[in-house]
Amino acid sequence: MEMCMLVWVFSGILAATLLSPCSVALTLDGITLLEIKSTLNDSRNLLSNWIDSDESPCKWTGISCHNYDQRVRSINLPYMQLGGVISPSIGKLNRLQRLALHQNSLHGIIPNEITNCTELRALYLRANYLQGGIPSDLGNLSFLTILDLSSNLLKGAIPSSIGRLKRLQFLNLSTNFFSGEIPDIGVLSTFGNNSFIGNLDLCGQQVHKPCRTSLGFPAVLPHAESDEAAVPSKRSSHYIKGVLIGAMATMGLALVMLLTFLWVCFLSKKERAAKKYTEVKKQVVQEASTKLITFHGDLPYPSCEIIEKLESLDAEDVVGSGGFGTVYRMVMNDCGTFAVKRIDRSREGSDQVFERELEILGSIKHINLVNLRGYCRLPITKLLIYDYVALGSLDDFLHEHEQEERSLNWSARLRIALGSARGLAYLHHDCCPRIVHRDIKSSNILLDENLEPHVSDFGLAKLLVDEDAHVTTVVAGTFGYLAPEYLQSGRATEKSDVYSFGVLLLELVTGKRPTDPSFVKRGLNVVGWMNTLLRENRLVDVVDKRCTDADVETVEAILDIAGRCTDANPDDRPSMNQVLQLLEQEVMSPCPSDFYESHSDYC
Ligand SMILES: *[C@@H]1O[C@H](CO)[C@@H](O)[C@H](O)[C@H]1NC(C)=O
Ligand SMILES: *[C@@H]1O[C@H](CO)[C@@H](O)[C@H](O)[C@H]1NC(C)=O
Ligand SMILES: *[C@@H]1O[C@H](CO)[C@@H](O)[C@H](O)[C@H]1NC(C)=O
Ligand SMILES: *[C@@H]1O[C@H](CO)[C@@H](O)[C@H](O)[C@H]1NC(C)=O
Ligand SMILES: *[C@@H]1O[C@H](CO)[C@@H](O)[C@H](O)[C@H]1NC(C)=O
């Protein structure tokens, strides 16, 4: 009895000592972020996953961390409609490299404490309502490469310390109320009028506007005021200045209202698009054993012309072969061009069910999805009629074309990632019923003349392949993209699509197929290979050598997103909407490179 008691007490003490430090484990950076959140007005509740019961803030919306010590490396919260002020606590995040809060509704001042973030490289505060001046010691942030404070209500002089920022490559102080002479010092003398537009009271050589001489006379040169068309020449009395500032404010207000109006239009358009989705307009032409269905009046040709063209497709018109059959190019009499997919196989089941499901696919319209325009059943085959996407597949671009002029640079790849994510997020979140693609891979991403991506073949896997047989019948090229649980169970989910999308991101970064011999030989897939390299910290080895414009920040960010998408546990993967949001944060706040400085042996 006593023994039992003793053991019980002992294990109680043990449990207390072991458990208590773990149960209150949010890192100091996490606590700091919560302080920062507390002064923000997050009216849309976008920061709802910033919670103090987490151990680490690294997966919170907009946050990314340094790989090794889990300190906060970047805060990316642009376009979030955040109100409130920037907390002085920001100074405690002294490993912060990037602070992107542009396009919000922040007010208050830029806290002086920001100069404590000595590793800061990029500061984006554009398009808020920030007041006060620029902290005079901002010039202590010797790594600062990007400083964008444009379109705020900032005033006062431009501190000369900014001239000390040797690495500064981008500066924008436009459309504020700065005044006085722009110091002609250091790097500050290298920026032109584009960095200072719309600050009526600034002068200096950068804006081609001489300052008043020391005697107090305005020294007016003939072209002095041509920089600001709004300044009436010579008579620059205070009264007129006041009027001008008022006019500027009015214009600013008008702009805000215009933007709001556009935003509302955009929203209601989206709503309308969603409504359209439910009322599929279709036109059916049926004669004997031939049946033509066109969706949404999307194929404005006489049905006899369409059927005639379809019947005459032959080997010369073949442009490729997809997983489900041969793809042809069909050119109409007026030169309108379409892609026609001949279905080589289909699963058992009635034509009616098949056609009903096709109708759903035909009703899905999105800029980043390949539009299904019609379906035709001929006596011996079934044909699907799609938009023709001019430049072919991403797979061809990345792997078949060695010529320089067709290779995709980094910014093109970012846009492709973003557009593909938009298309997929639309399938997952905006379609009803939701659509799982099941077969995301680079050969199903088609590029148009502007290199805008269009996701193709969505929904076909479900339509054409028997559920149980699917995984064993998928074409070999797909294997590297499939999530482990999908390979095991054969059940596709939105999260297995997210995994495939993560592999696609890795393919964009590395320029290598997931089945590339260099890692298959070592028993790794692209995900395993990536993890091995990153553990050895060889980021430069990972990036496709053709991406000469890649910068270390976005590469890291994209790898980070890819890593989350390919998490072995489907529940830990983000949803496609979250992926889209993460990508938008990266692509909308690009950061020029200091990649070459730190890794000059690259290329
Ligand atoms: C937060 O923003 C909302 C809408 O933008 C506003 O109605 C509310 O008053 C704000 N709250 C605070 C505390 O400023
Ligand atoms: C500045 O950073 C130091 C650590 O480098 C920290 O101890 C200090 O509290 C920070 N100051 C402010 C005002 O955040
Ligand atoms: C910035 O640097 C100056 C001189 O180099 C120093 O006196 C000042 O204290 C620094 N300010 C901050 C906030 O670190
Ligand atoms: C700075 O911002 C203004 C206003 O948004 C813009 O017109 C200007 O082109 C920008 N300057 C640079 C150098 O990007
Ligand atoms: C800016 O300066 C350039 C010359 O450096 C000039 O051609 C251009 O018109 C100026 N732009 C504005 C908006 O003043």
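Atoms within each ligand, like the ligands themselves, are counted from 1 in listed order. For the single chain, residues carry numbers from 1 onward in sequence order. Heavy-atom basis, side chains included; hydrogens, waters and symmetry copies ignored.
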So, [X] and [Y], do they make that salt bridge, N to O below 4.0 Å?
{"X": "K59", "Y": "D54", "result": "no"}
{"X": "R71", "Y": "D29", "result": "yes"}
{"X": "R422", "Y": "E584", "result": "yes"}

Under a 4.0 Å heavy-atom cut-off, what residues line ligand 3?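 Residues near ligand 3: T115, D137, N140.
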Are any of the N or O atoms of N194 closer than 3.5 Å to those of ligand 4?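 Yes, since at least one N or O of N194 sits under 3.5 Å from an N or O of ligand 4.
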Any N/O of N172 closer than 3.5 Å to an N/O of ligand 4?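 In this structure, N172 places an N or O atom under 3.5 Å from an N or O of ligand 4.
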Under the 3.5 angstrom rule, does the side chain of [X] hit a backbone N or O of [Y] as a donor-acceptor pair?
{"X": "Q206", "Y": "P183", "result": "yes"}
{"X": "N409", "Y": "D549", "result": "no"}
{"X": "N128", "Y": "L101", "result": "yes"}

Do S48 and N45 have side-chain N/O donor and acceptor atoms under 3.5 Å apart? no
Of all the atoms in ligand 4, which lie at a distance below 4.0 Å from a heavy atom belonging to F170?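 That gives atoms 14 (O) of ligand 4.
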